[in-house]
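What follows is a single structure, written as structure tokens, with notes after it.
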Protein chains: 2
Amino acid sequence: MATKIRTERRTDALSKARIVEAAIEILDSEGEDALTFRALAARLSTGSGAIYWHVADKNDLLAAATDHVIAGVTADAVRGLRPQEVIRTLALGVFDAIHAHPWVGGQLSRNPWQDAVLRMLERIGSQVQALGVPERAQFNATTALMSFILGLAGQYAAGARVFPRHTDRSAFRKAFLETVAAKWAQLDPTEHPFVRQLATVLPEHDDREQFVAGIDLILAGMESVQ
Amino acid sequence: MATKIRTERRTDALSKARIVEAAIEILDSEGEDALTFRALAARLSTGSGAIYWHVADKNDLLAAATDHVIAGVTADAVRGLRPQEVIRTLALGVFDAIHAHPWVGGQLSRNPWQDAVLRMLERIGSQVQALGVPERAQFNATTALMSFILGLAGQYAAGARVFPRHTDRSAFRKAFLETVAAKWAQLDPTEHPFVRQLATVLPEHDDREQFVAGIDLILAGMESVQ
DNA sequence: ACCTGAACACCGTTCAAGT
DNA sequence: ACCTGAACACCGTTCAAGT
């Protein structure tokens, strides 16, 4: 009997992994709106219907792409750190992933039941437990952290939707924030005193620092309650 | 000269207010996906192009609808309460609005630069100020509260997308949570110990209580930091 | 000024037909 | 088993034409 010969139909045969990879390339380089089955099929040199053999629908595709990105964050085990620091590290990992792939933010906040969120929940929850939060408070504490993270995730995704693709994002971001700040500065002082004050710090603020500050606020709340 | 006679072209003349009202009716009764310009035009007995005379595009329409709902929350001034309680009341007002109009949740978290969010920011920020949070920490504290609220907003909107319209939402919700809990309970105990534990409390948990607990956690953090 | 509704340029998804 | 690509049933938006 002849030995089984590897008969790869072609080197670039379609697979869910290859489809997800191509989808991520489109999402990263051209933004959420650019991901269509037609564009994806063209990039993969196949018919649009072929994709449905490997992927249930667009939701499935986006969930798989999000999962692929978040898996890189939840995979690295952090050892020898205090629970607070593990939580901070995990959260910052998610933050950086969203910063690199803004569409992930929208996807996470739009679909909280996907695997990526489940894994974040597990990792963060176990640290909340390690922190000594009483059992009946662990649910609320963990989901509060998750909601905060997903809330900012959605906002960064919204921010990315504003900026043109293929361009220097940070420069456009700064210009955009300055426009918003200028608009806020012109609001009625008696009606919007606080937002007017925010306008003065808005353009210079650091997203990452703001994010950590929020995490620390919730962590401080957890410590004071237990 | 003849006195000016009110010559309303017809009682049901189109206006942005009427369009927004009809849009909210569709969104509430049939869900986000059911709001199309064709459906809206049919309900208003007009052509789909006519709507564009009063509304810039679909984004503008959704922002106006969201604004209309949130205006009802940020309008009522709360007096004689401690800042913590005002924040709790405001946040719960937003929560209840989202509970009544789940599509508002998605809209708020998807578009953080709209007027509705600005007004929430002003009301919450002024209370953070009244709480005695030092000025340089007010920005981070207020946006942390906002992110938490918007995060949960997005999640409730996602939840509503799962349930069929026109039906007893709370019954379907319970059934859905039980399905999720059952799936979580079957996860690998060594890999997902925390989520398996969450599964036992998931179906019985109270969204509103969970929401308040998160707000209180952040408030506690603000007190311990100042 | 405001409205009509056909037309345009797209979508996601399906499915008979191929290999 | 896997792929092709035309066809279907939609979208948001535009715009010549009407009143």
Side-chain angles (χ1 to χ4, degrees), chain A residues 4-24 26-27 30-66 103 106-107 110-111 114 158 161-162 165, chain B residues 4-24 26-27 30-66 103 106-107 110-111 114 158 161-162 165:
Chain A
K4 214 191 250 169
I5 300 167
R6 276 179 278 135
T7 54
E8 296 166 352
R9 308 160 61 99
R10 34 173 187 164
T11 327
D12 60 339
L14 227 47
S15 69
K16 183 154 182 175
R18 276 198 67 231
I19 292 171
V20 167
E21 189 189 350
I24 290 175
I26 294 176
L27 288 163
E30 299 175 70
E32 288 195 58
D33 292 345
L35 181 66
T36 69
F37 277 78
R38 284 168 179 81
L40 194 53
R43 178 177 280 254
L44 291 164
S45 312
T46 183
S48 57
I51 297 166
Y52 282 90
W53 190 262
H54 303 273
V55 149
D57 53 22
K58 194 169 182 180
N59 244 333
D60 181 30
L61 175 60
L62 281 167
T66 303
W103 52 272
Q107 187 56 23
R110 208 176 0 264
N111 186 358
Q114 64 191 319
R161 240 171 276 133
V162 175
R165 335 283 173 203
Chain B
K4 216 191 248 169
I5 300 166
R6 277 178 278 135
T7 54
E8 297 166 351
R9 306 160 61 100
R10 37 173 184 164
T11 327
D12 60 340
L14 227 47
S15 68
K16 183 154 183 175
R18 275 197 69 231
I19 293 171
V20 167
E21 190 189 352
I24 290 176
I26 294 176
L27 288 163
E30 299 175 70
E32 288 194 59
D33 293 344
L35 181 65
T36 68
F37 277 78
R38 283 169 180 79
L40 194 53
R43 178 177 279 254
L44 292 165
S45 312
T46 184
S48 57
I51 296 166
Y52 283 89
W53 189 263
H54 302 273
V55 150
D57 53 23
K58 195 169 183 180
N59 245 332
D60 181 29
L61 175 60
L62 282 167
T66 303
W103 51 273
Q107 187 57 25
R110 206 174 0 263
N111 186 358
Q114 65 192 317
R161 238 171 277 133
V162 175
R165 334 285 173 201

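Throughout, a chain's letter reflects where its sequence line sits, starting with A, and its residues are numbered from 1.
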Under 4.0 Å between any heavy atoms, over every strand shown, what does A/L35 touch: base, sugar-phosphate, or nothing? Just pick one. sugar-phosphate

Contact class for A/L61 (heavy atom, under 4.0 Å): base, sugar-phosphate, or nothing? nothing

Nearest-neighbour nucleotide for the B/D57 side chain, D/dT13, D/dC3, C/dT13 considered: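 Of all the options, the side chain of B/D57 is nearest to D/dT13.
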
Of all the choices, D/dA7, D/dG12, C/dC2, which nucleotide is nearest to the side chain of A/R38 once you look at every atom?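 That would be D/dA7.
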
In whole angstrom, what separates [X]'s [atom1] from [N]'s [atom2]?
X     : N      : atom1 : atom2 : answer
B/F37 : C/dC3  : CZ    : C1'   : 15 Å
B/H54 : D/dT13 : NE2   : P     : 16 Å
A/K16 : D/dC2  : NZ    : P     : 14 Å
B/Y52 : C/dA7  : OH    : C1'   : 14 Å
A/L40 : C/dC10 : CG    : P     : 18 Å
B/I51 : C/dG5  : CD1   : C1'   : 12 Å
B/D60 : D/dG12 : CG    : P     : 14 Å
A/K58 : C/dG12 : NZ    : P     : 4 Å

For D/dA1, give its Watson-Crick or G-U wobble partner with both distances under 3.5 Å, or none. C/dT19

Watson-Crick or G-U wobble partner for D/dC11, using a 3.5 Å limit on both distances?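 None - no nucleotide pairs with D/dC11, as no candidate has both distances under 3.5 Å.
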
Could you tell me whether the side chain of [X] and the main chain of [Y] form a donor-acceptor pair under 3.5 Å?
X      : Y      : value
B/E30  : B/L27  : no
A/K58  : A/F37  : no
A/Q114 : A/Q107 : yes
B/R18  : B/A13  : yes

Nearest-nucleotide wise, let me know which of A/G49 and A/A34 is further upstream toward the 5' end of DNA chain C. A/A34

Examine C/dC3: is either OP1 or OP2 under 4.0 Å from a nitrogen or oxygen in the side chain of B/W53? Give yes or no.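 No, no such contact exists.
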
Taking the basic N atoms (NZ, or NE/NH1/NH2) and the acidic carboxylate oxygens, is any pair closer than 4.0 Å for B/R110 and B/E32?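 Counted as a salt bridge, because a side-chain N and a carboxylate O are separated by less than 4.0 Å.
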
